[in-house]
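To keep things clear, I will list the structure first and then write my remarks on it.
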Amino acid sequence: MAKIKTRPEDFKVREILKKGFLKGKGYRIYSLWKRRLETEEAVKRIAKVSNVPVKLIGYGGLKDKNAVTVQFISVPERFKLKEVKEKNLKVKFEGFSGKGITPAAVEGNSFEIVVREPLRYPERIDVLETLGIPGYYGEQRFTPVRGGQFFVSYLASDDFEGALLYLFTPAGWESSRSRKAKRAFVAKRFKEAARLFSGWRREVALFLDRCNDFKKALSFVPRKEIEFQFNVFQSYLFNKYLRFLINEKTREKVVFKYKVGEMVFPLGNIELPEKIPVFHPEDWTLYVPFLEDIGLELERLKEFSDFFHRFERETVVPVKGFKLQQISEGAVLRFTLPSGHYATNVVRFLFDAVRKKKNRLEY
């Protein structure tokens, strides 16, 4: 698999606001540069040093931790954020706007990615520039998936203990302290875990140290964390259906296998609907076969409808301004994607996806 993110500087992202957004009054807009920090972690730090409630700081989305990223944040005009200049965090005032920063404010993202190996399939650049890239959720979206299972599955089977242990099982890159705390929690050494945790995770551990009620302990988990887990499940189903559509509609294709399935990329023209609805218990027709595959009943999922978001997602998106620069270690890719779409999919198409023929993979 192509090597990316060997170091943060190998993966640079810059958010692009919609044209004319910096107009009017009502909100102060700042650029937020960060390195090796989660967006939420950076925002909390800025709120603290600025003495501003964190809930008043708006942002468009979460940017990678193991990367160098620039995005925009906002605060009501009556507040000011401190213009921080630290090694891994910088905040700069950019102007005013009549609206705060939300996902709707973001047009897209520009990327500069160092891939530390030679380009394997240069002929695919033409495909990329002509057809665009399928709108799959990228592999990193599924970092929270543990053991091929989903948080939703535990809730739907009333396994509240399993649901909590799922949330506390280490997944992806984490600090040694976080991993140690989560291992203690999973081993049910709740007092030890509480000493290492902070925030809501500490509250859950303290509660379970006093009372063995996993169902009630779930009430300490922030709603946005639960909604995120449901959205990961929706992302999985969307990818499954889009893969099915592309696989059915084209014979010229390549495949990339990832944590929870495979992505099929067309090599020629293909007719697809512009957008398809993501799974929702009230809008489920497209997804019945995939629910059956994982043993989830629609009627049970309807009980959790409030945690599912309703929206449509693009099946294919354009890759704009694509440029490739050969370097001694490999290649540098530069391009722009619409908001909410994944640069790693471009990398996997150009470097890792292979032809699938007669039930086996061929390079």
- Item | Ion pair Arg348/Glu139, N-O distance below 4.0 Å | yes

- Query: Of Asp10, Ile113, Asp64, Val115, which meets side-chain contact (heavy atoms from CB on, under 4.5 Å) against Lys5?
  - Reply: Asp64

N/O donor to acceptor pairs below 3.5 angstrom from side-chain atoms of residues 125-138, sequence neighbours left out:
unit_1: Thr130; atom_1: OG1; unit_2: Asp126; atom_2: O; d: 2.8
unit_1: Tyr136; atom_1: OH; unit_2: Val264; atom_2: N; d: 3.0
unit_1: Tyr136; atom_1: OH; unit_2: Val264; atom_2: O; d: 2.7

- Message: One thing to verify: whether Lys257 and Asp352 come together as a salt bridge, which I'm taking to mean a side-chain N less than 4.0 angstrom from a carboxylate O.
- Response: no

- Task: Keeping to residues at least two apart or across chains, list the salt bridge (Lys or Arg N to Asp or Glu O under 4.0 Å) pairs with something in residues 301-312.
- Result: Glu299-Lys302, Arg300-Glu303

- Centroid-to-centroid, Tyr236 to Phe150, below 6.0 Å? yes

- Query: Quick one: salt bridge (Lys or Arg N to Asp or Glu O under 4.0 Å) pairs with a partner in residues 79-104, sequence neighbours left out?
  - Reply: Arg45-Glu86

- Query: Can you name the closest pair of heavy atoms from Thr315 and Leu242 and give their distance?
  - Reply: O-CD2, 3.7 Å

Could you pull out every donor-acceptor pair under 3.5 Å between side chains of residues 185-197 and any protein atom, sequence neighbours left out?
unit_1: Lys188; atom_1: NZ; unit_2: Glu161; atom_2: OE2; d: 2.4
unit_1: Arg189; atom_1: NE; unit_2: Glu192; atom_2: OE1; d: 2.7

- Using the side-chain contact (heavy atoms from CB on, under 4.5 Å) rule, take Phe207 and Phe220 through it: C-alpha gap first, then chi angles, then the decisive distance, then the call. CA-CA 9 Å; Phe207 175 80; Phe220 292 96; 3.6 Å; yes

- Does any pair with a residue in residues 14-28 pass side-chain hydrogen bond (donor to acceptor under 3.5 Å, both in side chains), and if so which ones, sequence neighbours excluded? Glu15-Lys63

- Test side chain to side chain contact (heavy atoms under 4.5 Å, CB included) applied to Glu227 - qualifying residues, sequence neighbours left out: Arg223, Phe307, His309

